[in-house]
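Notes follow once the structure below has been shown.
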2 protein chains.
Amino acid sequence: MVSLKDIAQRCGVSTATVSKALNGQPDIGEETRSRILRIADELGYMANASARALKTKRSYNIGVLFVDPMHGGLAHEFFSTVLDSIRSEAERHGYDITFINRGLGQRETSYLQHCRYRGVDGVVIASADFTDPMVTELVQSDLPVATIDHVFNDRIAVLSDNLRGMDALVRFVAAKGHRKIALIHGEPTSVTVGRLTGFHRACEELGIQIPDKWIRQGVFHDPKSCSAITRELLEDPDRPTCIFFPDDYSCIGGLNAIHDAGLRVPEDISAVGYDGIPLSRIVSPVLATWRQDTGALGTLAAARLIEQIEHPRTAILDRVIVEGRLQEGGSVRQIC
Amino acid sequence: MVSLKDIAQRCGVSTATVSKALNGQPDIGEETRSRILRIADELGYMANASARALKTKRSYNIGVLFVDPMHGGLAHEFFSTVLDSIRSEAERHGYDITFINRGLGQRETSYLQHCRYRGVDGVVIASADFTDPMVTELVQSDLPVATIDHVFNDRIAVLSDNLRGMDALVRFVAAKGHRKIALIHGEPTSVTVGRLTGFHRACEELGIQIPDKWIRQGVFHDPKSCSAITRELLEDPDRPTCIFFPDDYSCIGGLNAIHDAGLRVPEDISAVGYDGIPLSRIVSPVLATWRQDTGALGTLAAARLIEQIEHPRTAILDRVIVEGRLQEGGSVRQIC
DNA sequence: CGCCTCCACTTAATCGTTTAAGTATATTAG
DNA sequence: CTAATATACTTAAACGATTAAGTGGAGGCG
């Protein structure tokens with residue numbers, strides 16, 4: 001409503017002067033500047049983001065690509081905390097965020113087109129099918145991109161240490177005496193690859209043999225599929241003493257299947273999650289899990305992306321590893 | 001990158017013609033139009049949202065105000081599903097969403113200023129302190145506004161029927177034989193008022209007397225505070241047979257406190273949640289709760305808001321009530 | 001005194017789009 | 001055959017900001 005023009009009029013100067021005064025340019029006299037600032041404040045002036053973006057090609061908007069292939073989108077605690085930390089870090093730097101999707105209304109568009117349409121200054125890819133050509137297109141564009149839990153060449157990547165996390169969990173349950181361990185993992189993504197590697201390496205180093213039938217593919221965040229696999233594992237007379245789930249949420253689904261089978265956790269069988277969402281501490285027993293620093297994941301991705309946006313020549317496009325820590329919940333029991 | 005100008009050049013027409021062709025204006029010849037459309041497609045043209053918004057004062061962007069006073073923001077399943085449905089309904093209509101906050105970078109701003117800065121076409125207020133003067137300012141502005149679970153005069157409001165939900169829950173547990181019912185409610189908001197009213201009315205109609213000490217104020221989505229209150233309720237020798245929690249999430253925290261006290265749910269004490277988030281079906285026992293139609297809440301708010309944005313003269317600014325349904329979980333047992 | 005520099009501003013162009021108003025050509029009416 | 005009308009365009013201004021280039025005057029220097 002109130003524009004530079006209004007302020008210029010009231011101050012008896014040109015709009016250029018007002019713009020420069022407001023932006024802290026050096027070639028403005030001291031009393032002129034303070035008068036302009038005062039009037040701007042009085043009138044409740046607020047810049048027009050569209051006009052500014054049009055002229056400067058900087059929208060102070062960052063895109064967030066967040067595709068949960070199975071479910072609604074941001075409905076899970078892990079994602080929503082990551083998202084929230086992206087949001088608040090962006091806000092701290094004066095950026096807003098825009099969800100990137102395909103298709104504006106009827107029109108079908110690619111993710112990249114959506115980004116161009118809104119003129120986002122960069123994109124955080126927080127969860128997506130990284131083999132999707134549209135995602136590849138985005139990553140190969142000239143837009144600054146930061147990915148979470150996936151590495152692309154010459155791009156910022158923020159990763160949680162899946163290998164180490166899984167390693168720590170295996171050692172934890174092994175120390176509790178478990179040797180018959182089953183692993184339900186998620187879809188084959190780089191996250192899954194890291195975790196599987198960590199799992200197998202730790203088992204090997206500890207001299208634990210895991211039969212193939214105990215390595216099963218489930219679905220991330222899908223208690224249904226994980227419950228079904230759990231049931232199968234339990235039906236086998238030679239059953240594991242401990243089951244690893246793809247994540248805490250599906251672990252809770254697994255607990256349910258275990259209870260339905262008339263067994264108790266951890267007395268009859270132990271369970272291990274992954275993520276360390278708040279919920280994992282609220283349920284009973286508290287889950288043994290690897291607590292990812294979801295806040296750091298989002299915050300770092302946003303911070304590094306903004307760094308690249310604002311200092312394109314000097315920003316280092318490498319990977320950052322975020323540490324996690326073991327949550328020793330009661331869902332794993334000591335066996336002799 | 002590719003602008004109207006480029007298309008105009010390639011087609012040998014003016015930018016005005018291209019604009020009109022692309023926007024389906026009637027005064028463009030058939031072959032000209034199809035040629036323009038073809039070239040635009042070939043060049044991968046995508047409009048520039050900033051330029052368009054600058055000229056038309058329509059950003060195709062809707063603001064979402066989402067302030068969770070206690071926690072990070074969108075970290076809870078109830079909120080995140082509402083948000084996700086707002087997002088996807090907006091997307092269906094060609095709108096993007098922007099989170100509204102105070103303060104862009106260092107600069108302190110009001111919610112309304114943020115809205116003006118981004119030029120949002122309207123705002124969904126999904127969760128906020130409705131007594132906050134900044135929220136009031138927003139609601140009293142000329143921006144289209146839709147609120148969720150709160151009513152303002154002459155504004156679109158989408159509400160879940162808290163009174164009926166609570167009524168149904170009370171009748172459900174009463175039918176199971178419970179008469180000693182405790183209620184932990186959330187902060188005093190209009191949601192809480194509705195639920196309390198429903199609770200007291202149902203109790204009165206059923207002839208159930210509830211002592212004051214069993215009506216306690218907790219905090220929404222805060223398992224900690226609810227656990228503490230639960231402990232207090234359990235310590236009293238004259239303890240309730242059933243506890244109502246402000247929501248499913250805090251109910252799960254309450255279950256934990258109950259277990260810690262050496263009691264089982266539902267054998268020793270029954271528990272009731274509210275919301276019906278997916279999690280409530282995953283835990284064991286499944287929670288008895290009122291399943292709110294969170295999808296409808298968000299979808300309707302977005303749809304009605306967009307209706308008002310696009311047809312300001314004919315849109316009806318009233319309240320919509322969203323139905324929910326009883327989820328008869330195993331967390332309430334039949335007592336004699 | 002004449003020239004240069006510096007300061008504090010203004011002018012004017014520009015970003016990409018939309019749209020009211022204008023224009024040239026073809027068509028129809030009288 | 002002229003005049004009115006319709007069609008299919010073009011012209012040009014505008015949205016609100018930014019910014020390179022220009023300007024006028026004060027002050028400094030030799």
Side-chain angles (χ1 to χ4, degrees), chain A residues 1-37 39-40 43-61 94 104 107 113-121, chain B residues 1-37 39-40 43-61 94 104 107 113-121:
Chain A
M1 306 259 92
V2 181
S3 70
L4 285 190
K5 220 185 205 167
D6 302 306
I7 301 177
Q9 231 144 38
R10 283 268 300 235
C11 292
V13 296
S14 72
T15 61
T17 305
V18 177
S19 171
K20 289 196 270 189
L22 257 27
N23 290 316
Q25 298 287 74
D27 64 340
I28 299 294
E30 256 328 305
E31 3 72 89
T32 311
R33 180 191 308 280
S34 61
R35 187 158 39 96
I36 289 172
L37 256 44
I39 298 289
L43 299 182
Y45 171 76
M46 179 99 273
N48 178 318
S50 297
R52 177 174 288 170
L54 178 58
K55 181 66 185 150
T56 63
K57 271 104 180 53
R58 292 274 282 104
S59 62
Y60 284 91
N61 223 302
L104 299 160
R107 195 144 194 74
Q113 278 187 303
H114 190 176
C115 289
R116 298 234 185 276
Y117 172 59
R118 285 293 175 193
V120 299
D121 298 328
Chain B
M1 306 261 90
V2 181
S3 71
L4 287 189
K5 219 185 203 167
D6 303 306
I7 301 176
Q9 232 145 37
R10 283 269 300 237
C11 292
V13 297
S14 71
T15 62
T17 304
V18 178
S19 171
K20 289 196 271 190
L22 257 27
N23 291 315
Q25 297 288 74
D27 64 340
I28 300 294
E30 255 329 303
E31 3 73 89
T32 310
R33 180 193 307 280
S34 61
R35 186 158 39 97
I36 289 173
L37 255 45
I39 298 287
L43 298 183
Y45 171 76
M46 178 100 275
N48 178 318
S50 297
R52 177 175 287 170
L54 178 58
K55 183 66 188 150
T56 61
K57 272 103 179 54
R58 291 273 283 105
S59 63
Y60 284 91
N61 221 303
L104 298 160
R107 195 143 194 74
Q113 279 187 303
H114 190 177
C115 289
R116 297 236 185 274
Y117 172 59
R118 286 294 174 191
V120 299
D121 298 328

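Each chain gets a letter, A, B and so on, in the order the sequences are listed, and its residues count up from 1. Heavy atoms only: backbone and side chains are in, while hydrogens, waters and symmetry mates are out.
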Measure CG/L54(B) against P/dG16(C) and give the value in whole Å, please.
12 Å
Would you say dT10(C) has OP1 or OP2 under 4.0 Å from some side-chain N or O of K20(A)?
no
If we fit an axis to the first five pairs and another to the last five of the helix from dC1(C)-dG30(D) to dG30(C)-dC1(D), what angle do they make, to the nearest 10°?
60°
Do L43(A) and R10(A) have side chains that get closer than 4.5 Å, going by heavy atoms?
yes
Rounded interatomic separation in angstrom, taking CZ from R118(A) and P from dG16(C)
17 Å
In whole angstroms, how far is the P atom of dA17(D) from the NZ atom of K55(A)?
14 Å
Could you tell me whether the phosphate oxygens of dA17(D), OP1 or OP2, come under 4.0 Å of any side-chain nitrogen or oxygen in K5(A)?
no
With DNA chain D as reference, determine whether T15(A) or G12(B) sits nearer its 5' end, using the nearest nucleotide of each.
G12(B)
For Y45(A), the ring-ring contact (aromatic ring centres under 6.0 Å, His included) test, sequence neighbours excluded, returns none
Classify the nucleic acid contact of S3(B) as base, sugar-phosphate or nothing, counting any heavy atom under 4.0 Å across all strands shown.
sugar-phosphate
Nearest atoms (heavy-atom pairs only) where R52(A) meets A47(A)
NH2-CB, 3.4 Å
What is the distance from CE of M1(B) to C1' of dT17(C), rounded to the nearest Å?
16 Å
Sequence neighbours excluded, which residues qualify as side chain to side chain donor-acceptor pair (under 3.5 Å) partners of T32(A)?
none
Which of these nucleotides, dT18(D), dT18(C), dC15(C), is closest to any side-chain atom of R52(B)?
dT18(C)
Of V18(B) and T56(B), the one whose closest nucleotide on DNA chain D sits nearer the 5' end is V18(B)
Using a 4.5 Å cut-off on heavy atoms from C-beta on, say whether the side chain of D6(A) contacts that of M1(A).
no
Whole angstroms only, please: what is the CE-P distance between M46(A) and dG16(D)?
15 Å
Near DNA chain C, which residues from residues 23-32 of chain A have a heavy atom under 4.0 Å away?
D27(A), I28(A), G29(A), T32(A)
If you look at every strand shown and take non-hydrogen atoms under 4.0 Å, does A47(B) touch a base, only sugar-phosphate, or nothing?
sugar-phosphate
Could you tell me whether the phosphate oxygens of dC9(C), OP1 or OP2, come under 4.0 Å of any side-chain nitrogen or oxygen in S14(A)?
no
Out of dT17(C), dA17(D), dT11(D), minimum distance to the side chain of A16(B) belongs to dT11(D)
Quick one: salt bridge (Lys or Arg N to Asp or Glu O under 4.0 Å) partners of E31(A), sequence neighbours excluded?
none
Interatomic distance where NZ belongs to K57(B) and C1' belongs to dT19(C) [whole Å]:
14 Å
With R116(B) via side chain to side chain donor-acceptor pair (under 3.5 Å) - residues at least two apart
D142(B)
Rounded distance (Å) that lies between atom P of dT19(D) and atom CG of L4(A)
12 Å
Does dA17(D) have OP1 or OP2 under 4.0 Å away from a side-chain N or O of Y117(B)?
no
Ranking dC15(D), dT10(D), dG16(D) by distance to the side chain of T17(B), first place goes to dT10(D)
Of all the heavy-atom pairs spanning R118(A) and Y60(B), show the shortest one and how long it is.
NH2-O, 2.5 Å
Taking atom P of dT18(D) as reference, at what distance in whole Å does atom CD1 of I7(A) sit?
11 Å
For residues S50(A) and A53(B), report the shortest heavy-atom separation together with the two atoms involved.
OG-CB, 3.5 Å
Member of I28(A), I39(A), V13(A) meeting the side-chain contact (heavy atoms from CB on, under 4.5 Å) criterion with V18(A)
V13(A)
